[in-house]
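Each chain gets a letter, A, B and so on, in the order the sequences are listed, and its residues count up from 1.
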Protein chains: 2
Amino acid sequence: MDEKSIKELVDQYLHISFSIERCGGSLIKGQLAEDLTNDQHYMLRYMNKVEVCTSTELAEVFDVKKSAITAIINRLWKKGLIQRSRDENDRRVVYLTLTNVGKELFDETERRIYELVGSFVKQFEQTEIEAFMRTYEKLNQMIIASKEAKVGE
Amino acid sequence: MDEKSIKELVDQYLHISFSIERCGGSLIKGQLAEDLTNDQHYMLRYMNKVEVCTSTELAEVFDVKKSAITAIINRLWKKGLIQRSRDENDRRVVYLTLTNVGKELFDETERRIYELVGSFVKQFEQTEIEAFMRTYEKLNQMIIASKEAKVGE
DNA sequence: TTTAATAGTTCACTAGTTTAACTATTTATG
DNA sequence: CATAAATAGTTAAACTAGTGAACTATTAAA
């Protein structure tokens with residue numbers, strides 16, 4: 001691959017990923033309950049998957065400082081979507097879980113998001129989309145590895 | 001494609017795109033001048049491409065309200081990276097352009113970003129990445145069309 | 001010539017983020 | 001054991017980014 005086509009690919013990639021982040025994000029937002037942001041939804045999504053987690057874990061997964069997690073968790077807590085409970089053996093630790101209201105809200109939203117994203121996925125041939133996902137995941141692994149190398153420096 | 005594999009694809013897609021947005025964003029941020037954010041960089045990027053633009057145009061392209069553009073433009077203006085000039089025929093209109101300092105900063109940054117993204121691109125076979133980009137662009141067009149359909153409702 | 005529309009700004013408010021200082025608790029060390 | 005160091009989480013100040021509504025100035029339309 002010559003330099004010129006790499007430059008073109010880079011240009012094209014940055015343009016598409018930016019566009020999808022913006023427009024796709026706004027479509028996802030359209031599926032959420034009125035007063036929920038995309039960030040808050042992704043937080044619920046992670047908590048729904050792992051069932052129980054801590055602030056420290058969320059800070060690592062979302063790659064932000066713990067104080068940012070405290071803020072977003074407070075907002076979700078005020079909405080009654082999550083609950084906190086202290087570990088009785090190590091009283092520094094606070095476990096975070098979805099409330100029943102939180103679970104129901106997430107499930108409901110998730111169904112709408114599946115429909116939305118599914119409506120795009122269905123427009124592709126299965127072989128095409130599977131090849132796409134393989135490359136996409138490879139890229140993801142490269143980025144993660146590069147990030148970890150940077151941290152290790 | 002059955003329902004189950006669509007659900008899995010949706011799950012997988014959401015997970016990867018979220019991860020790449022987070023980690024990739026943080027790698028890009030690492031290439032920027034100290035006091036520049038990713039949003040500010042994308043703004044410079046667009047202005048560098050089109051050379052001259054207006055707030056209204058930026059609001060459409062970035063899909064935010066004009067007041068958000070005023071705020072970000074003010075920040076870039078304070079850093080001396082962009083300049084404003086009124087249209088003499090229609091004095092409501094303000095044209096925005098990069099200053100020389102802004103252009104140099106962007107070029108410098110862009111070179112670093114090309115190196116970074118290029119280092120990933122180079123790890124793929126050309127055929128693989130070209131197929132990926134075709135699918136990625138198709139997805140982008142679907143999302144844009146879906147967004148415009150929503151607006152038209 | 002009033003009335004509409006357009007371009008952009010300002011202001012108050014909210015979300016998300018970082019940094020630094022802090023509390024409470026647990027673990028290590030001398 | 002007692003003090004020091006590490007860990008989990010919170011708080012507060014400062015910043016960026018976004019929305020919505022009210023506003024100014026200017027141009028276009030009735």
Side-chain angles (χ1 to χ4, degrees), chain A residues 18 21-23 25-26 28-30 32-44 46-47 52-79 81-97 151, chain B residues 18 21-23 25-26 28-30 32-47 52-79 81-97:
Chain A
F18 182 76
E21 185 182 324
R22 286 276 167 169
C23 298
S26 133
I28 298 274
K29 177 92 175 76
L32 303 183
E34 214 177 284
D35 63 344
L36 218 57
T37 66
N38 278 351
D39 283 324
Q40 289 168 7
H41 168 73
Y42 279 121
M43 198 65 73
L44 294 184
Y46 182 80
M47 292 176 65
V52 185
C53 64
T54 64
S55 284
T56 302
E57 178 184 346
L58 290 175
E60 275 165 19
V61 170
F62 288 83
D63 194 27
V64 295
K65 303 294 171 198
K66 285 191 289 186
S67 54
I69 298 296
T70 299
I72 200 166
I73 287 299
N74 276 336
R75 282 176 215 115
L76 292 171
W77 180 80
K78 275 180 198 152
K79 295 187 213 284
L81 303 176
I82 63 166
Q83 54 202 162
R84 294 184 229 231
S85 63
R86 285 212 175 269
D87 182 324
E88 283 307 313
N89 295 333
D90 184 345
R91 294 191 50 72
R92 292 170 302 180
V93 178
V94 177
Y95 293 119
L96 303 167
T97 48
V151 171
Chain B
F18 182 76
E21 186 182 323
R22 285 277 166 167
C23 298
S26 132
I28 297 275
K29 177 91 175 71
L32 303 183
E34 211 177 284
D35 63 344
L36 217 58
T37 66
N38 278 351
D39 283 325
Q40 289 167 7
H41 167 73
Y42 280 122
M43 199 63 74
L44 294 184
R45 170 167 253 272
Y46 182 80
M47 294 177 64
V52 186
C53 64
T54 64
S55 284
T56 302
E57 177 184 345
L58 290 174
E60 276 165 18
V61 170
F62 288 83
D63 196 27
V64 295
K65 303 296 173 197
K66 285 192 290 185
S67 54
I69 299 297
T70 300
I72 199 167
I73 287 300
N74 277 336
R75 281 176 217 118
L76 292 171
W77 180 81
K78 274 179 200 153
K79 296 186 212 283
L81 303 177
I82 63 166
Q83 53 202 161
R84 294 185 231 232
S85 63
R86 284 212 174 267
D87 183 325
E88 282 307 313
N89 295 332
D90 185 345
R91 294 190 50 73
R92 291 170 303 183
V93 177
V94 176
Y95 292 121
L96 303 167
T97 49

Fill in the blank from the handout: Atom NZ of A:Lys29 and atom C1' of C:dT14 are separated, to the nearest Å, by 12 Å

Completion exercise
Here the distance between atom P of C:dT9 and atom NZ of B:Lys78, to the nearest Å, is 13 Å

Problem - Residues in contact with DNA chain C, drawn from residues 66-76 of chain A - heavy-atom cutoff 4.0 Å - result: A:Ser67, A:Ala68, A:Ala71, A:Ile72, A:Arg75

Practice task
Measure the distance from OH on B:Tyr95 to C1' on C:dT6 and round it to the nearest whole Å.
Solution key: 13 Å

Problem - Pairing nucleotide - D:dT27, Watson-Crick or G-U, each distance under 3.5 Å - result: none

Problem - Phosphate OP1/OP2 of C:dT6 contacted by B:Arg91 side-chain N/O (<4.0 Å) - result: no

Problem - Closest listed nucleotide, where the reference is the side chain of A:Asp90 and the choices are C:dA7, D:dG20, C:dT25 - result: C:dT25

Handout entry: Backbone of A:Arg22 reached by a side-chain donor or acceptor of B:Asp63 within 3.5 Å
Key = no

Exercise for the section: Kindly indicate whether the side chain of A:Leu58, heavy atoms from C-beta on, has any atom under 4.5 Å from the side chain of A:Val64. Expected result: no

Problem - Where the chi angle of C:dA24 falls, syn if within 90° of 0 and anti if not - result: anti

Exercise for the section: Would you indicate what B:Asn38 reaches in the nucleic acid, counting non-hydrogen atoms under 4.0 angstrom: base, sugar-phosphate, or nothing? Expected result: nothing

Completion exercise
Atom CG of B:Asp63 and atom C1' of D:dT19 are separated, to the nearest Å, by 12 Å

Exercise for the section: Nearest whole angstrom, please: distance from the C1' of C:dT14 to the CG of A:Leu36. Expected result: 14 Å

Exercise for the section: Return the minimal non-hydrogen interatomic distance between B:Ile82 and B:Trp77, and the atom names on each side. Expected result: O-CD1, 3.5 Å

Handout entry: Atom-pair distance (CG on B:Asp35; P on D:dA17), nearest Å
Key = 11 Å

Practice task
For the residue pair B:Met43 and B:Ile69, establish whether any side-chain heavy-atom pair is separated by less than 4.5 Å.
Solution key: yes

Exercise for the section: Check whether any side-chain heavy atom of A:Glu57 lies under 4.5 Å from a side-chain heavy atom of A:Leu96, and answer yes or no. Expected result: no

Problem - Whichever of A:Asp87 and A:Lys79 has its nearest DNA chain C nucleotide further upstream toward 5' - result: A:Lys79

Problem - Distance below 4.0 Å between A:Arg22 side-chain N/O and D:dG18 OP1 or OP2 - result: yes

Handout entry: Selected nucleotide, minimal atom distance to A:Gln40 side chain, candidates C:dA15, C:dG8, D:dG9
Key = C:dA15

Problem - Nearest-nucleotide pick for A:Arg92, side chain only, options being D:dA17, D:dG9, D:dA6 - result: D:dA6

Handout entry: Side chains of B:Leu44 and B:Gln40 in contact at under 4.5 Å (non-hydrogen atoms)
Key = no

Handout entry: Phosphate OP1/OP2 of D:dT7: any A:Thr56 side-chain N/O under 4.0 Å
Key = no

Exercise for the section: Just call it for A:Arg86: base, sugar-phosphate, or nothing, with non-hydrogen atoms closer than 4.0 Å on any strand. Expected result: nothing

Handout entry: Nucleotide opposite C:dT19 in a Watson-Crick or G-U pair, distances under 3.5 Å
Key = D:dA12

Exercise for the section: Report yes if some heavy atom in the side chain of A:Asn74 is under 4.5 Å from a heavy atom in the side chain of A:Arg84; otherwise report no. Expected result: yes

Problem - Interatomic distance where CD belongs to B:Glu34 and P belongs to C:dT19 [whole Å] - result: 12 Å

Handout entry: Heavy-atom side-chain contact between A:Met47 and A:Thr97 under 4.5 Å
Key = no

Exercise for the section: Measure the distance from CD on B:Glu57 to P on C:dT6 and round it to the nearest whole Å. Expected result: 17 Å

Problem - OP1 or OP2 of C:dT14 under 4.0 Å from side-chain N/O of A:Thr37 - result: no

